[in-house]
Number of protein chains: 2
Amino acid sequence: MVDRTSGVPAFRQVAADLRRKIDAGEYAPGAKLPSERELIETYGVSRPTVREAVNLLRSEGVVDVEHGRGVFVRPPSNIHRLARARLSRDARGRNEGAFLAEAKATGFSASSNVKVRFERADERAAEFLRLDVGTELTVRDRVMRADGLVAQLAVSRLPRELTRGTAIEKVATGDGGTYARLEEAGHVIGSFAEHVGARMPTPDEVTLLQLAVGVPVLTITRVAYGTEGRPLEMNDIVLPASLYQLSYEWPAD
Amino acid sequence: MVDRTSGVPAFRQVAADLRRKIDAGEYAPGAKLPSERELIETYGVSRPTVREAVNLLRSEGVVDVEHGRGVFVRPPSNIHRLARARLSRDARGRNEGAFLAEAKATGFSASSNVKVRFERADERAAEFLRLDVGTELTVRDRVMRADGLVAQLAVSRLPRELTRGTAIEKVATGDGGTYARLEEAGHVIGSFAEHVGARMPTPDEVTLLQLAVGVPVLTITRVAYGTEGRPLEMNDIVLPASLYQLSYEWPAD
DNA sequence: AAGTGGTCTAGACCACATA
DNA sequence: ATGTGGTCTAGACCACTTA
């Protein structure tokens, strides 16, 4: 039963009590919570109030709701660690690119859908690639799947000048991927930078990545530089935060 | 007005229409959306339906709601870039530690509250620090503020063996912070690793970090290793994803 | 005082999952 | 067929902000 004199809204009291029971293990991961009708009885509140409480837990990523089945404690998902080694020349030598390298390493069957298009650099692209706004870019738009589930979105942009006549402008870039083709064309990669952030997904991303409510996305903007420091490629990557962790290591200096 | 025959729920249609108008610039960042009573008229739906639509936008981080004032398009916030240089020996030499280094660099006045305690290593800490479960740890629990606003939470754990008799067990560690004291005690730092993820905040974090609805947190687990590769410290850092971006760069190999 | 969002109720009907 | 969540209504009263 909720305390009507405390000043704390009823739906927050219900949510807090359920959260406490989940944390205490009273409802284990994967377990079903009482139905909305039962919670109405238990706490003495109306259905909209119960639903507001459940929605709060949902947006916190604590529970999953399945229509017709019930409300379940969200089990922790297996986190894939992406290490910078995924971008090493060795990894490129062995297969098709960073994503497929990782997938093979973790025993996943992987595939990816690619669309290639050309566009003019906007302000952001121009800054990362150190070009003038309006410079022609080759854009590779990829949806990557592991075991049939969509796992990442990636939009790669390169100055078109670097990609003319290479397989980078084809859908299939061949073994070692874009970076291998760049190096064959004489643009050896000297260094990488990654800028990592997180935000809530757009509705499009929710659909494409099949995201549950309350799951943010990690965003990575990766820039590949040539040996003289010239930016060769920028890659905007979006991945479900529930599935990935990014690992970086470096010597102290 | 909503289309009752489309099969798309009314509150989603309202949310989609408002989102479209925001994206199109019809409501600029910071602008006030029509009041709930106005939206009821515009779309021909009940108040709970309007509120459900607004809640959806809120959980996406698109709008902020202010009681008694209205609903506003959330303006983009200034993103601080945290680069790995924040952990360099140079930065330590100049000031009190990684967080204060960053704050000074960006012109913020910064402060931090620290609590020191001792506890036994749980399974996770034991794995990161390569110790046996139950080993005694020194734990430094920090709340860091920039210009009075809470900006990050950090929980640092070290084998107590390394901290006995040092200022690391005091609230004030002195110039250069924990890492400087570790090196003075003969434990020179050889490398760092950071494991980055994101998730929705717990209710406690929402309070401490004064987070708006729809803002995820970035989580960093940083491990500092000695020159022989021994883990010296692990640091669990939580920061609002709306305020920070993490940058890493490394030479191609 | 007037306008805004915050909370809550008591229902109704629909859609999905399972037996 | 039954139980589950999904959507929606038409109110009511409260709390905060601004004038």
Side-chain angles (χ1 to χ4, degrees), chain A residues 1-18 27 30-60 62-74 203 206-207 210 212-214, chain B residues 1-18 27 30-60 62-74 203 206-207 210 212-214:
Chain A
M1 282 290 178
V2 301
D3 175 1
R4 299 290 182 175
T5 66
S6 70
V8 179
F11 77 92
R12 286 190 192 281
Q13 292 185 45
V14 173
D17 193 57
L18 292 172
Y27 303 119
K32 186 176 168 303
L33 263 54
S35 73
E36 293 179 352
R37 273 80 172 178
E38 286 174 298
L39 294 173
I40 291 168
E41 296 297 320
T42 306
Y43 294 104
V45 295
S46 70
R47 186 155 172 238
T49 301
V50 163
R51 285 183 60 79
E52 202 168 355
V54 171
N55 271 334
L56 190 59
L57 297 178
R58 196 148 72 132
S59 68
E60 291 170 1
V62 173
V63 300
D64 283 318
V65 178
E66 296 180 46
H67 190 176
R69 301 221 316 126
V71 180
F72 301 86
V73 179
R74 184 178 295 179
V206 169
T207 308
Q210 298 165 264
V213 177
Chain B
M1 282 289 178
V2 301
D3 175 2
R4 300 289 183 173
T5 66
S6 70
V8 178
F11 77 91
R12 286 190 192 280
Q13 293 185 46
V14 173
D17 194 56
L18 291 173
Y27 303 118
K32 187 177 167 305
L33 264 55
S35 74
E36 293 180 351
R37 272 81 171 176
E38 287 173 298
L39 294 174
I40 291 167
E41 296 298 319
T42 306
Y43 295 104
V45 296
S46 70
R47 185 152 174 240
T49 300
V50 164
R51 285 184 60 80
E52 201 167 357
V54 172
N55 270 334
L56 190 58
L57 297 178
R58 196 148 72 134
S59 69
E60 291 170 0
V62 173
V63 299
D64 283 318
V65 178
E66 296 181 43
H67 191 177
R69 302 222 313 127
V71 180
F72 301 86
V73 180
R74 184 178 296 179
V206 169
T207 307
Q210 298 164 264
V213 177

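Reminder, nothing fancy here: chain letters follow the sequence lines and each chain counts from 1.
- Taking atom CZ of A:Arg51 as the reference point, atom C1' of C:dT9 lies 15 Å away to the nearest angstrom.
- Not a single side-chain hydrogen bond (donor to acceptor under 3.5 Å, both in side chains) links A:Ser59 to another residue, sequence neighbours left out.
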For this session: Going 5' to 3' through nucleotides 10-19 of chain D, assign each nucleotide B (protein heavy atom under 4.0 Å from a base atom), S (under 4.0 Å only from sugar-phosphate atoms) or - (no protein heavy atom that close).
Result: B-B--BBSS-
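- The overall bend of the helix from C:dA1-D:dT18 to C:dT18-D:dA1, read as the angle between its terminal helix axes built from five base pairs each, is 10° when rounded to 10 degrees.
- Residues passing the side-chain hydrogen bond (donor to acceptor under 3.5 Å, both in side chains) test with B:Thr42: none are found, sequence neighbours excluded.
- Annotation: salt bridge (charged side-chain N to carboxylate O under 4.0 Å, His left out) contacts involving residues 1-16 of chain B, sequence neighbours excluded, are absent.
- With sequence neighbours left out, A:Ala15 forms a side-chain contact (heavy atoms from CB on, under 4.5 Å) with A:Arg19, A:Ala53, A:Leu56, A:Leu57.
- With rounding to whole Å, B:Glu41 atom CD is found 12 Å from C:dT4 atom P.
- Within the structure, every side-chain polar atom (N or O) of B:Thr49 is placed at least 4.0 Å from both OP1 and OP2 of D:dT7.
- Distance, B:Leu39 CG to C:dT4 P: 10 Å, rounded to whole Å.
- Taking atom CG of residue A:Asp3 and atom P of nucleotide C:dC8, one finds them 12 Å apart after rounding to whole Å.
- In this entry the distance linking CD1 of B:Ile40 with C1' of C:dG6 reads 14 Å, nearest Å.
- In this entry the distance linking CD of B:Glu36 with P of C:dG6 reads 6 Å, nearest Å.
- Legend: residues meeting side-chain contact (heavy atoms from CB on, under 4.5 Å) with A:Ala212, ordered by chain and number and at least two apart, are A:Asp64, A:Arg74, A:Val215.
- Between A:Val45 and A:Ile40, the shortest heavy-atom distance links the atoms O-CG2, 3.0 Å.
- In this entry the distance linking CD of A:Glu52 with P of C:dC8 reads 7 Å, nearest Å.
- Whole-Å rounding puts the B:Asn55 CG to D:dG6 P distance at 15 Å.
- Residues passing the side-chain hydrogen bond (donor to acceptor under 3.5 Å, both in side chains) test with A:Arg47 are A:Glu36, sequence neighbours excluded.
- Every residue two or more places apart in sequence or in another chain was checked for a side-chain hydrogen bond (donor to acceptor under 3.5 Å, both in side chains) with B:Glu41, and none qualifies.
- Regarding contacts with the backbone of D:dT9, a side-chain N or O of B:Arg4 is found under 4.0 angstrom from either OP1 or OP2.
- Considering only heavy atoms from C-beta on, A:Phe11 stays 4.5 Å or farther from A:Asn55 through its side chain.
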